[in-house]
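Have a look at the structure below before the remarks.
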Amino acid sequence: MAFQSELSLEARSERLKGIAKTLRHRVIDMVYAAQSGHIGGSLSAADFVAALYFDIMNIDPSNPKLPDRDRFVLSKGHACPIWYADASSGSLGIGFAQAVGIALEGKYLNKNYKVYAVLGDGEINEGIVWEASLVASKYKLDNLIAILDKNNLQLDGTTDDVMPMEPLVDKFRSFGYEVMQMDGHDMIDILLTLEKANKNISHRPIMIIAHTTKGKGVSFMENKVGWHGKAPNEQEYIAACLELEGESK
């Protein structure tokens, strides 16, 4: 499925915008039905998850165990509704350490697959993220592409108030990453950045800082810390669905 080259960049972008809209709708459906789950961080990740699964990643739905398929690890596991919308995780940071291990295995076995890992900007408060980063740097894991969903909110407030982590670009570079940045809701920027990351010639792991909006796509959920882990009531569910259905592609 990697690189839908038969389509223009603009056509790929429009196609993926429609898919991301569908994923957002399914996130709302699932969390409402379960009356449990994390909406905000799932919606902020929808655009680049759509790009990964439906355009960039080397995967074959008819052969899900293809040995050389690309791997995806959702380290910020509380955003699992966006993964379930297309197809869990443990304590924060563990998923990223697992992704590093999978990438290391690929190097040892001379495999060509890429490992994509999505982290939250609250999640990187965890020390295991930085311990794993040391390993990724030591072994020059240029088959590892991490995406930081930087929506600036976490459970208890803004990321700056809870635990300031800036300067992120300098920090990640100091831990051995090739650092890129992208608008996490601009599909063309997402595609161009991910394609550049796929052609990594730096012989270093890549960290992509995706600037996003928590709750993206539903106006009354956007940039609201209360929607980190709250399920909508019936009125809110209907309002969210109506807004998503009326959203232009």
Side-chain angles (χ1 to χ4, degrees), residues 13-14 16-54 72 74-89 92 95 118-125 147-165 168 181-190 208-249:
S13 174
E14 290 305 308
L16 292 168
K17 286 178 186 177
I19 292 172
K21 174 182 171 181
T22 299
L23 296 184
R24 286 189 168 98
H25 208 314
R26 290 180 178 172
V27 166
I28 298 294
D29 287 343
M30 287 186 290
V31 176
Y32 172 68
Q35 280 299 292
S36 178
H38 292 72
I39 285 181
S42 298
L43 297 183
S44 65
D47 295 304
F48 58 77
V49 168
L52 284 171
Y53 263 94
F54 294 92
F72 177 86
L74 184 67
S75 190
K76 61 167 207 167
H78 53 280
C80 61
I82 193 57
W83 201 357
Y84 295 162
D86 174 41
S88 71
S89 176
L92 292 178
V118 175
L119 298 96
D121 51 358
E123 178 182 16
I124 62 172
N125 295 164
I147 303 172
L148 177 65
D149 186 1
K150 191 175 187 301
N151 59 39
N152 303 308
L153 293 174
Q154 57 189 102
L155 174 62
D156 296 325
T158 69
T159 51
D160 283 345
D161 285 341
V162 175
M163 183 57 66
M165 296 298 293
L168 284 175
Q181 299 189 67
M182 70 183 182
D183 180 338
H185 301 308
D186 182 325
M187 196 59 75
I188 288 180
D189 193 20
I190 291 169
I208 300 173
I209 300 175
H211 298 278
T212 63
T213 300
K214 195 136 185 172
K216 178 68 175 177
V218 180
S219 59
F220 62 86
M221 296 180 179
E222 291 184 358
N223 277 321
K224 301 291 192 301
V225 69
W227 285 104
H228 174 82
K230 183 177 76 169
N233 60 31
E234 183 177 9
Q235 183 178 0
E236 292 164 336
Y237 169 70
I238 292 171
C241 290
L242 288 173
E243 186 169 343
L244 286 170
E245 289 161 7
E247 181 180 273
S248 60
K249 294 184 179 180

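Everything numeric in this text was worked out from a predicted model, so none of it was measured.
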Next item on the list: Please report the C-alpha distance between M221 and I28 in whole Å, then the side-chain angles of each, then the deciding distance to 0.1 Å, and finally whether the side-chain contact (heavy atoms from CB on, under 4.5 Å) criterion is met.
Entry: CA-CA 11 Å; M221 296 180 179; I28 298 294; 3.9 Å; yes

Check: Is there a side-chain contact (heavy atoms from CB on, under 4.5 Å) between D29 and C241 once you walk through the steps?
Finding: CA-CA 8 Å; D29 287 343; C241 290; 4.0 Å; yes

Next item on the list: Let me see the working for L119 and I147 under side-chain contact (heavy atoms from CB on, under 4.5 Å), right down to the final yes or no.
Entry: CA-CA 6 Å; L119 298 96; I147 303 172; over 6 Å; no

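Residues F48 and H185 have side chains not in contact (no heavy-atom distance under 4.5 Å, counting atoms from C-beta outward). Between I124 and L148, the closest side-chain pair of non-hydrogen atoms falls below 4.5 Å. Side chains of K216 and T212 form no contact here, defined as non-hydrogen atoms less than 4.5 Å apart. Counting heavy atoms from C-beta on, the side chains of S75 and L92 never come closer than 4.5 Å. Looking at E245 and L242, their side chains come closer than 4.5 Å, going by heavy atoms from C-beta outward. Side-chain contact check for V118 versus F72: some heavy-atom pair is nearer than 4.5 Å. Side-chain contact between I208 and Q181 is absent, with no heavy-atom pair separated by less than 4.5 Å. A heavy-atom distance below 4.5 Å is not found between the side chains of L43 and T213.
The minimum heavy-atom distance linking V218 with A240 is given by the pair CG1-CB, 3.9 Å. The shortest heavy-atom contact between G184 and A210 is CA-CB, 4.2 Å. Closest approach of V162 and N125 over heavy atoms only: CG1-OD1, 4.3 Å.
Partners of A51 according to the side chain to side chain contact (heavy atoms under 4.5 Å, CB included) rule, which considers only residues two or more places apart in sequence or in another chain, are L16, M187, I190, L191, L194. For D186, the side chain to side chain donor-acceptor pair (under 3.5 Å) test picks out no residue, with sequence neighbours left out. For N152, the side chain to side chain contact (heavy atoms under 4.5 Å, CB included) partners two or more places apart in sequence, or in a different chain, are D121, K150, T159. Qualifying side chain to side chain contact (heavy atoms under 4.5 Å, CB included) partners for S36, counting only residues two or more places apart in sequence or in other chains: none.
Counting only distance, with no hydrogens or angles, the side chain of E123 and the backbone of K76 share a donor-acceptor pair below 3.5 Å. A donor-acceptor distance shorter than 3.5 angstrom exists from the side chain of E243 to the backbone of S219, with no hydrogens or angles considered. For the pair T158 (side chain) and Q154 (backbone), a donor-acceptor distance under 3.5 Å is absent.
Rounded to the nearest 0.5 angstrom, H25 NE2 and T22 OG1 are separated by 8.5 Å. One finds the CG atom of D183 at 11.5 Å from the CD1 atom of I188 (value rounded to the nearest 0.5 Å). Interatomic distance, Y32 OH to I39 CD1, rounded to the nearest 0.5 Å: 11.5 Å.
Listed by first and then second residue, the salt bridge (charged side-chain N to carboxylate O under 4.0 Å, His left out) pairs that reach into residues 40-49 are R24-D47, sequence neighbours excluded.
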Show me, pair by pair, the donor-acceptor contacts under 3.5 angstrom made by side chains of residues 226-234, not counting sequence neighbours?
from: H228; atom 1: ND1; to: K214; atom 2: NZ; distance (Å): 2.6
from: N233; atom 1: OD1; to: Q235; atom 2: N; distance (Å): 3.1
from: N233; atom 1: OD1; to: E236; atom 2: N; distance (Å): 2.7

